[in-house]
*Asks:* 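I'd like to ask you about the structure that follows.
Numbers restart at 1 for each chain; the letters A, B, ... are given by sequence-line order, proteins then strands.
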2 protein chains.
Amino acid sequence: MPPLDTAAERDKSDASGAPCAHCDMGEQAFCHGLSPEDVRRLVAILGTAGVVAGTTIFREGDPALNLYSISAGAVKLYKLLSDGRRQITAFLFPGDYFGLSLQGGYAYTAEAMADTSLCRFPRRKLDLLLDEIPKLEKRLLGATIHELTCAQDQMLLLGRKTAREKVASFLAGLWQRLCAKAGTSQIFLPMSRSDIADYLGLTIETVSRTLTSFKKEGLVSLPDASHVVIRDRETLVRIAEGG
Amino acid sequence: MPPLDTAAERDKSDASGAPCAHCDMGEQAFCHGLSPEDVRRLVAILGTAGVVAGTTIFREGDPALNLYSISAGAVKLYKLLSDGRRQITAFLFPGDYFGLSLQGGYAYTAEAMADTSLCRFPRRKLDLLLDEIPKLEKRLLGATIHELTCAQDQMLLLGRKTAREKVASFLAGLWQRLCAKAGTSQIFLPMSRSDIADYLGLTIETVSRTLTSFKKEGLVSLPDASHVVIRDRETLVRIAEGG
DNA sequence: CGTATTATTGACCACTCTCAAAAAACGTGG
DNA sequence: CCACGTTTTTTGAGAGTGGTCAATAATACG
């Protein structure tokens, strides 16, 4: 199956006619803060797509035709070595963008971890819009700077943290992004142990052992393989920071 | 000694009066492709500074007041854990920028590895100019995307490459940046073994041992601690890519 | 030239990986 | 709904890459 990237677009807006009615992202939305007129222009160029878990959205090296934003679901980005070793560079969730690239080719592969809804912005049309809507360009720059900051944190993790610190960082970070607002302590993990390992620069065995160890220490509960309940976040954060 | 970041600015232009006459960066320059009028406006807000090797330009967490571009010298960016473990996230050379940050604080510490000449753009004034010179904002976005791409490559290196592959990647990458154009095979290393180790997620002993091993295999020569001569770049690149 | 710093080399060890097997979870069809 | 096969996760034993500690060598600097 070819990647989604080159597939035909779906409808450009909901039947309701309300632009972005399908997307209640609030201030995380791509279009947040734009005038209704600018939103209309943005909606005019975007296409929406729903993809099932496991779909490859595009591959590293493919011509970078589109910028994507996630309205529901979860996506992982990764790079491969020739012998199959894999590094996942980011787990993305609603409100996140991906697909920005210089010189033509995507720098990584993007794959849906769960059933996912996407907004697709054709790069060619978006570039024209960016000239007309400076606010949009500012937003894109801000998002990219944020991504870069996250990448630098991840470099610190990959280069200098122990397995325990890596897993603790991962759980604390995921809680912060997915649960902090909602106030719950149970994290749903849309990714497999293999994904977590390839994100943290570990093996699945080490990830599993470390989680079991955290459970035995009373820091977390593991109701099933795809749920983690944070029992002692303070200690977890202390471990994450090397304390 | 306080970081340079808050120090008073030097002269805004050379005595010659020619804007950016001190900076023959060609197409790598921040101002490349701008109209003379735009260059003038840019020069009007920048300050230049020369710093000696070892100078801390700013620290992680300091209020992010400035954006810097390097016109000569070399700079390293790094993040620290509370117990002193360090990850160098980038080595920067003439033409590179640093200091971009969201929400107020710098995300990393910046330190000159060699005597270095900098252009300093006060963030407040630069933000105003960005609104007026869209080309400049595009350039900044492009540079940030490039940084992000480099960061993703480095994540793959840190998470999934062996010590040999890491050191080979480092040498091949540095050659590409510093020597490819000039056509020389000798790389000057402005950074210490400790810096290289903290960039690659290794110890100085492993870096040293790996370099010695490359020397014994005839891949490089090591005339002195701060010079590497690439003798077999093809093999080095093959090792770097895990082949 | 002497001292301090940095780099190299060596011996040993531990954290994490590899290989292997058991257990659990999942999906499918009867 | 349950039996079956497949996949994923967990657990165990052993090994290896790279780290730690220590000593020596080389270099930089006053």
Side-chain angles (χ1 to χ4, degrees), chain A residues 52-54 76 81 83-87 113-115 157-171 187-217 220-228 239 242, chain B residues 52-54 76 81 83-87 113-115 157-171 187-217 220-228 239 242:
Chain A
V52 299
K76 64 187 174 199
L81 288 173
D83 61 1
R85 278 176 288 171
R86 183 178 69 154
Q87 179 65 42
M113 294 189 292
D115 293 352
L157 177 147
L158 291 168
R160 287 301 179 220
K161 288 187 180 179
T162 66
R164 268 177 74 84
E165 291 163 358
K166 286 178 176 180
V167 176
S169 299
F170 170 68
L171 294 177
I187 312 174
F188 168 68
L189 306 175
M191 68 289 285
S192 68
R193 293 290 185 270
S194 175
D195 286 342
I196 299 174
D198 284 348
Y199 180 64
L200 299 177
L202 299 171
T203 59
I204 55 177
E205 292 94 332
T206 299
V207 170
S208 182
R209 273 187 260 269
T210 306
L211 285 172
T212 305
S213 157
F214 283 166
K215 184 173 77 177
K216 283 179 181 160
E217 295 168 46
V220 303
S221 301
L222 303 170
D224 65 81
S226 59
H227 288 275
V228 178
I239 293 172
Chain B
V52 299
K76 64 189 174 197
L81 290 172
D83 62 1
R85 276 175 289 172
R86 184 178 69 154
Q87 180 65 41
M113 294 190 292
D115 294 351
L157 177 146
L158 290 168
R160 287 298 178 224
K161 288 188 181 178
T162 66
R164 267 177 76 84
E165 291 163 359
K166 285 177 176 181
V167 176
S169 300
F170 170 69
L171 293 177
I187 313 175
F188 168 68
L189 306 174
M191 69 289 285
S192 67
R193 293 290 185 271
S194 174
D195 287 341
I196 298 174
D198 285 348
Y199 180 66
L200 300 177
L202 298 170
T203 58
I204 54 174
E205 292 92 334
T206 299
V207 171
S208 184
R209 272 187 261 267
T210 306
L211 285 173
T212 303
S213 158
F214 283 166
K215 185 173 76 177
K216 283 178 182 161
E217 294 168 45
V220 302
S221 302
L222 304 169
D224 63 83
S226 59
H227 287 275
V228 178
I239 294 172

*Asks:* To the nearest 0.5 angstrom, please state how far the CG atom of B:Leu222 sits from the OG1 atom of B:Thr212.
*Replies:* 7.0 Å

*Asks:* Residues of residues 220-227 of chain B with any non-hydrogen atom less than 4.0 angstrom from an atom of DNA chain D: list those, numerically ordered, please.
*Replies:* none

*Asks:* For the atom pair CD1 (A:Ile239) and OG1 (A:Thr162), what is the distance rounded to the nearest 0.5 Å?
*Replies:* 9.0 Å

*Asks:* Tell me, please, the opening and closing nucleotides of DNA chain D, 5' to 3', among those with an atom under 4.0 angstrom from a non-hydrogen atom of chain A.
*Replies:* D:dT9 to D:dA13

*Asks:* So B:Phe170 and B:Val207, do their side chains get closer than 4.5 Å, heavy atoms only?
*Replies:* no

*Asks:* Using chain B heavy atoms and a threshold of under 4.0 Å, write down where along DNA chain C the contacts begin and end, 5' to 3'.
*Replies:* C:dA7 to C:dA11

*Asks:* Using 0.5 Å steps for rounding, measure from the CE atom of B:Met113 to the NZ atom of B:Lys76.
*Replies:* 7.0 Å

*Asks:* In Å, rounded to the nearest 0.5 Å, how long is the span from CG of B:Leu189 to CG of B:Asp195?
*Replies:* 10.5 Å

*Asks:* Could you work out how much the helix from C:dC1-D:dG30 to C:dG30-D:dC1 bends, comparing the axis of its first five pairs with that of its last five, to 10°?
*Replies:* 50°

*Asks:* Could you work out, with side-chain contact (heavy atoms from CB on, under 4.5 Å) as the rule, every residue matching A:Thr203, not counting sequence neighbours?
*Replies:* A:Glu205, A:Thr206

*Asks:* Where is the tightest heavy-atom contact between B:Leu211 and B:Val220, given as atom of each residue plus distance?
*Replies:* O-CG2, 4.2 Å

*Asks:* By side chain to side chain donor-acceptor pair (under 3.5 Å), which residues pair with B:Ser226, not counting sequence neighbours?
*Replies:* B:Asp224

*Asks:* Of all residues at least two apart in sequence or in a different chain, which pass the side chain to side chain donor-acceptor pair (under 3.5 Å) check with B:Arg160?
*Replies:* A:Asp198

*Asks:* With the threshold set at under 4.0 Å for non-hydrogen atoms, list the residues of residues 200-209 of chain A touching DNA chain C in residue-number order.
*Replies:* A:Gly201, A:Leu202, A:Thr203, A:Glu205, A:Thr206, A:Arg209

*Asks:* Taking only residues two or more places apart in sequence, or in another chain, which ones meet B:Ser169 in a side chain to side chain donor-acceptor pair (under 3.5 Å)?
*Replies:* B:Lys161

*Asks:* Only counting residues at least two apart or in another chain, list the ones meeting side chain to side chain donor-acceptor pair (under 3.5 Å) with B:Lys166.
*Replies:* none

*Asks:* Decide yes or no for B:Phe214 and B:Val228: does some side-chain heavy atom of the first lie under 4.5 Å from some side-chain heavy atom of the second?
*Replies:* no

*Asks:* Name all residues meeting the side-chain contact (heavy atoms from CB on, under 4.5 Å) criterion together with B:Ile204; count only those two or more places apart in sequence or in a different chain, and write none if there are none.
*Replies:* B:Arg193, B:Ser194, B:Ala197

*Asks:* As an exercise, state the distance from CG of A:Leu202 to OG of A:Ser208, rounded to the nearest 0.5 Å.
*Replies:* 12.0 Å

*Asks:* Sequence neighbours excluded, which residues qualify as salt bridge (charged side-chain N to carboxylate O under 4.0 Å, His left out) partners of B:Arg164?
*Replies:* B:Glu217

